[in-house]
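Only one structure is covered here, and it is reproduced in the block below.
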Amino acid sequence: MMKMHKRFVGLMVGLSMALGTSAGLAAGYPDKPVTLVVPYPAGGATDVIARMIAEKLPDTWGQPVVVNNRPGAGTTVAAEAVARAPGDGYTLYMTTAAHTISASLYKKLNYDPLKDFAPITLTATIPLVLVTTPSLKVKTLDELIAYGKKAPDGMTMASTGNGTPQHLTGEIFKSKTGLNLIHVPYKGDAPMLTDLLGGQVQMAFVTLSAALPHIQAGKLNAVALAHSRRVDAIKDVPTMDESGMKGFEAATWFGLFAPASMPADQREKIYQDVSKIVGTPEMTKKLQAMGGDVNNSSPKEFQDFINAEAARWAEGVKLSGAQVD
């Protein structure tokens, strides 16, 4: 009996120390600079949003937040580095839909995109918009589909690269319409938009933030928005749902993660602090100017979102046949 009592006391002491360490970790955090890893070059939407947050967090934390751009291999270089980092809160990760796509796109990864990361918050989403080159004389989704069905050689569909949300959304669209769409991948928005504007390719699903200036200038025709509702920046452009393709939504998103070993209370603290920044009128205005929506999802809500995204993009990868070794 005495031995059992000692074991019980020892167990309770150990549990108390573990809980105390976890609580203390959140309470005293941070006491040194924090690194925010971004898997894209400086200047893109992910980098811009990460820096908006990184510039404001020191006001709350009293410590600098340094953005570390680590582009390469479709975000997997940065993701692997973060997956291997300690879950102490000093390495955070701002990434996009590419993170959930990689779970089915890559045959071999040295990390698990779904198990090796702790979701903190989904900060923002920017919907994709279906656009056509001005030389293609179609204005509505019905007109585009009718044109595509009559095109003897099919239509060219541009994207920002194999396995990207833009590419996979196009593949899902292709499967739903039965159109013969010939995929033309580019290395990013800039070269893709150049050829769309010049008429070298006919259509594409483009991030609204990238397409918006060209739509507003009348240089690209916006057929339909892959979103649940219209947006003020292009309020005359109907949604895919309004255009007859029910439930068709696609967006790129921007979410904050940590290594999976981060304690839940520390993750909650970071979420609460980031949430206050993202929810300010200033941040909301900046995101809306990019064509985006503020989300501010909790860690649980973000986890549910990640699970749904992984399943949805897996369908696109299967339809496209895209694979990366």
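Note: hydrogens, waters and symmetry copies are ignored here, and every other heavy atom, side chains too, is used.
Of all heavy-atom pairs between G74 and A98, the closest is O-CB, 4.5 Å. Of all the heavy atoms in P259 and V82, the pair that sits closest is CG-O, 3.3 Å. Closest non-hydrogen pair, G163 versus L168, comes out as O-CD1, 3.8 Å. Contact record, S243 with D142: O-OD1, 4.1 Å, taken as the closest heavy-atom pair. Minimum heavy-atom separation, L196 to A204: CD1-CB, 3.7 Å. Here the closest heavy-atom approach between residue P127 and residue A251 is recorded as CA-CB, 3.7 Å.
Using bins of under 30°, 30° to 60° and over 60° for the plane-to-plane angle, the ring pair H99/F117 lands in the perpendicular bin.
In this structure the side chain of T35 never reaches within 4.5 angstrom of the side chain of Y90, judged on heavy atoms. When side chains are defined from C-beta on, K219 does not count as touching P213, because their heavy atoms never get closer than 4.5 Å. At a threshold of 4.5 Å between non-hydrogen side-chain atoms, the residues R84 and Y111 do not count as touching. The side-chain heavy atoms of T121 and S275, taken from C-beta on, include no pair separated by under 4.5 Å. Residues I270 and M262 form a side-chain contact, since some pair of their non-hydrogen atoms from C-beta on lies under 4.5 Å apart. Counting only heavy atoms from C-beta outward, the side chains of Y29 and D273 never approach each other to under 4.5 Å. Contact of the R230 side chain with the T239 side chain is registered, since non-hydrogen atoms from C-beta on lie closer than 4.5 Å. Looking only at side-chain heavy atoms (C-beta outward), E282 and K56 come within less than 4.5 Å of each other.
Using a 4.0 Å cut-off between charged side-chain N and carboxylate O, D265 and K269 make no salt bridge.
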Requested in this report: Report the C-alpha separation of N162 and L105 in whole Å, then their side-chain angles, then the decisive distance to 0.1 Å, and conclude whether the side chain to side chain contact (heavy atoms under 4.5 Å, CB included) test is met.
Outcome: CA-CA 10 Å; N162 286 309; L105 181 64; over 6 Å; no

Query raised in the report: Are I49 and L287 close enough, and set up right, to give a side chain to side chain contact (heavy atoms under 4.5 Å, CB included), and what steps lead you there?
Result: CA-CA 8 Å; I49 292 172; L287 288 170; 3.8 Å; yes

**Report entry** Verdict with supporting geometry, V231 and L225, side chain to side chain contact (heavy atoms under 4.5 Å, CB included)
**Finding:** CA-CA 9 Å; V231 299; L225 188 68; 3.9 Å; yes

Query raised in the report: After noting the C-alpha distance and the side-chain angles of T46 and M94, does the key distance pass the side chain to side chain contact (heavy atoms under 4.5 Å, CB included) rule?
Result: CA-CA 7 Å; T46 314; M94 175 69 77; 3.8 Å; yes

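Surrounding CG of D59 are more than 12 heavy atoms belonging to other residues, nucleotides or ligands, all under 6.0 Å away.
Neither side chain, Y186 nor T194, offers a donor N or O lying under 3.5 Å from an acceptor on the other. A donor and an acceptor atom, one from each side chain of N68 and Y93, are nowhere located under 3.5 Å apart.
Chaining together hydrophobic side chains whose heavy atoms lie under 4.5 Å apart places F248 alongside L128, L130, L136, V138, L141, L144, I145, Y147, M155, M157, I172, F173, L179, L181, M203, F205, V223, M240, M245, L319.
Listed for the N69 side chain is a donor-acceptor partner under 3.5 Å among the backbone atoms of Y40. A donor-acceptor pair is defined here as one N or O able to donate and one able to accept, closer than 3.5 Å; such a pair exists between the side chain of Q202 and the backbone of T156. Side chain of T280 to main chain of I277: a donor-acceptor pair is present (N/O by atom type, distance under 3.5 Å, no hydrogens or angles).
Distance check: T125 OG1 to F254 CZ gives 8.5 Å after rounding to the nearest 0.5 Å. Note: M290 CE to L208 CG = 10.0 Å, rounded to the nearest 0.5 Å. In this structure, K149 NZ and N180 CG are separated by 11.0 Å, a value rounded to the nearest 0.5 Å. Here the CG-CG distance, from L36 to L57, works out to 8.5 Å after rounding to the nearest 0.5 Å. The CG atom of N110 sits 10.5 Å away from atom NZ of K108, with the distance rounded to the nearest 0.5 Å. In this structure, D189 CG and T160 OG1 are separated by 6.0 Å, a value rounded to the nearest 0.5 Å.
Partners of H167 by ring pair (Phe, Tyr, Trp, His ring centres under 6.0 Å), not counting sequence neighbours, listed by chain and number: H183.
Residue pairs meeting the side chain to side chain donor-acceptor pair (under 3.5 Å) criterion with at least one partner in residues 248-262, sequence neighbours excluded, are W253-E309.
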